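All of these numbers come straight from a predicted model, not from anything done at the bench.
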Number of protein chains: 2
Amino acid sequence: MTYDPHAYPPFAVTVDLALFTIRDGQLSVLLIERDEDPFEGAWALPGGFVRPEEDLHDAASRELAEETGLARFPGHLEQLRSYGTPGRDPRMRVVSVAHVAFAPNLPEPVAGTDARRARWWTVDDLHLPHLEVARAQGRRERRVQGLQLAFDHTRILAVAVDRVAAKLEYTPLATAFCPAEFTLGELQHVYEAVWGVPLADRANFRRKVLRAPGFVRPVDGDPHRLTGGLGRPAQLYRGSDAAELNPPIKRPPGARAVRQDGPMRPKAATRA
Amino acid sequence: MTYDPHAYPPFAVTVDLALFTIRDGQLSVLLIERDEDPFEGAWALPGGFVRPEEDLHDAASRELAEETGLARFPGHLEQLRSYGTPGRDPRMRVVSVAHVAFAPNLPEPVAGTDARRARWWTVDDLHLPHLEVARAQGRRERRVQGLQLAFDHTRILAVAVDRVAAKLEYTPLATAFCPAEFTLGELQHVYEAVWGVPLADRANFRRKVLRAPGFVRPVDGDPHRLTGGLGRPAQLYRGSDAAELNPPIKRPPGARAVRQDGPMRPKAATRA
DNA sequence: CCAAAAGTGTTCTCAGTACACCCATGT
DNA sequence: ACATGGGTGTACTGAGAACACTTTTGG
């Protein structure tokens, strides 16, 4: 473990961010269009170099603030995994520590100095080649199917989507997609958007959420509705402080991202 | 994302390894006693620098081979998470990509060039201060309670133990702790060693294992016993190729490492 | 014959599901 | 009045837990 800079030339260390939110009932991720040399013009996950005196988590948090334009990021941020295959960045040896973040609906993103623009993409629009094609969409965007992202970001994003879907099963982090106060109906919409399937039975969903200790806490006072929608006014809830969801809320068959490879396994661990 | 070496001085990148096995029915981890400057004399996770043209996984795999003395590591290896807090290594800025490995019983470890010696520690002996104290143990070792490891390795190891315990619930990786052919009794011992609790009912464990598709595959031929023990000879099984365990085999209450913080969460994600 | 470990069968209970139904609001 | 979403009650079903029992070896 001796450090010889000649034998072991240094690495650049970056953080990459898969920032998810839910817009119009669709799980969406923030991408930037690169304005610089490698993969110029391609879409990529936002990210940047870790500063000399900065923790990894702080670097991700800073990038998050820069991209969203908010002083303090209102959501959940966690490390995903690191990617350091030689050649993944043609310029130099880079190890990227990928992070995943969940946020409630945010203002339009801010394009950084290294990006032409930044926008939300629905996950469905990105890498599902056989998707219902001609859905009348308001904006006129390039009709892509299986958009190729810069670097190894397609792979990172696939793992990130899987992580988000899994987190909703075993943690109360679905509330991180909601505003401070929310109804159980809104919470159910979060699950449906992330998993990409409807949840079959409202009543049972409600009971599972309320049974799990520390998942949500009702807001006392008149159960009134801020979201001016139809129907009976709903009780409002706040997220609580539990770390796990017990019992978990399992995704139904057919839900998104039950991909087999998961967080990258070696070929096939055989043994003597 | 411009690279300016003056603004962003380089990092050293290492891999650290939490290699687990089961010895005498105890979950054990391989540690080395450091023989060099920072934390000289302290116990630490094995690890080393990533080479210039080496993938992260390959670096971990190489370290694994060096420590065990085996040309090809017979077990499971996966990335855990990265640690890069400034100051975690007093010499320089280091980002360490921690890995977790499971192996069947291995030969005595090999002390590397930077280590005085290497040996297996039972996880119970390491960081459980209130443990049954004077258990007559064969070897006469320093009676430690809460051994302080070098760097931030105590934290890494805690997360690693949690990962191992969780993996046994949702994946068939318990077989990675077993030799190529094993009995269901031996497989149950793996679960009990890792979780630190007995499994209450053999019959139900057996049924869970056999019901999960792709967990184990019986070895055809006479059900004979290689392990010369007491009792009726057992059917031998081999591990199979499933990625997940469905349905999972959940750890009973009281099992090891149901630590709340998990893979490091930010303070308390509040939102606007 | 007894101990020890493997293997099978059966009952009970509780969580998850499906489905029916009522409630309170906007239009 | 009716559409829309919120909320409650209840019967059914299947998986897991508990436990009793048989089988096959070594001593």
Where along residues 205-218 of chain B does a heavy atom come under 4.0 Å from DNA chain C, residue by residue in number order?
B/Arg206, B/Arg207
Considering residues at least two apart in sequence or located in another chain, which fulfil the side-chain contact (heavy atoms from CB on, under 4.5 Å) criterion with B/Asn105?
B/Arg23
Distance col, row A/His99:NE2 vs A/Leu19:CG, nearest 0.5 angstrom, shows 13.0 Å
May I have the distance from A/His189 (atom NE2) to D/dG5 (atom P), rounded to whole angstrom?
7 Å
Could you state the atom-to-atom distance from CG of A/Asp201 to C1' of D/dG5 in whole Å?
14 Å
Expressed as a whole number of angstroms, how long is the span from B/Leu199:CG to C/dA5:C1'?
16 Å
For atom CG of A/Leu184 and atom P of C/dC23, their distance in whole Å:
20 Å
Is A/Arg81 reaching over with its side chain to a backbone N or O of B/Leu80, donor-acceptor style, under 3.5 angstrom?
no
In whole Å, I'd like the distance from the CD atom of A/Glu186 to the P atom of D/dG7.
11 Å
Checking D/dT4, C/dA24, C/dT17 against the side chain of A/Arg232 (C-beta onward), the nearest is C/dA24
Run the salt-bridge test on B/Asp124 and B/Arg256 with the 4.0 Å N-O cut-off and return the result as yes or no.
yes
Go nucleotide by nucleotide along DNA chain D from the 5' end; which of B/Pro247 and B/Arg202 gets its closest nucleotide reached first?
B/Pro247
Side chain of B/Thr183: nearest nucleotide among C/dA6, C/dA24, D/dA18?
C/dA6
Is there a side-chain contact between B/Glu169 and B/Leu245 (heavy atoms, below 4.5 Å)?
no
Please state how far atom CG in B/Asn246 lies from atom C1' in D/dG16, giving the value in whole angstrom units.
15 Å
Considering only side-chain heavy atoms of B/Leu230, which listed nucleotide, D/dG7, D/dG26, D/dC19, is closest?
D/dG26
Can you tell me how far C1' of D/dG6 sits from CG of A/Asn204, to the nearest Å?
15 Å
Could B/Glu78 and B/Lys167 be called an ion pair, given the rule that one side-chain N must be under 4.0 Å from one carboxylate O?
yes
For A/Lys250 and C/dG16, give me the distance from atom NZ to atom C1', rounded to whole Å.
13 Å
A/His76 vs A/Phe102 aromatic rings, parallel, tilted or perpendicular, using cut-offs 30° and 60°?
tilted
Considering only heavy side-chain atoms of A/Ala203, the closest of D/dG9, D/dT25, D/dC19 is D/dG9
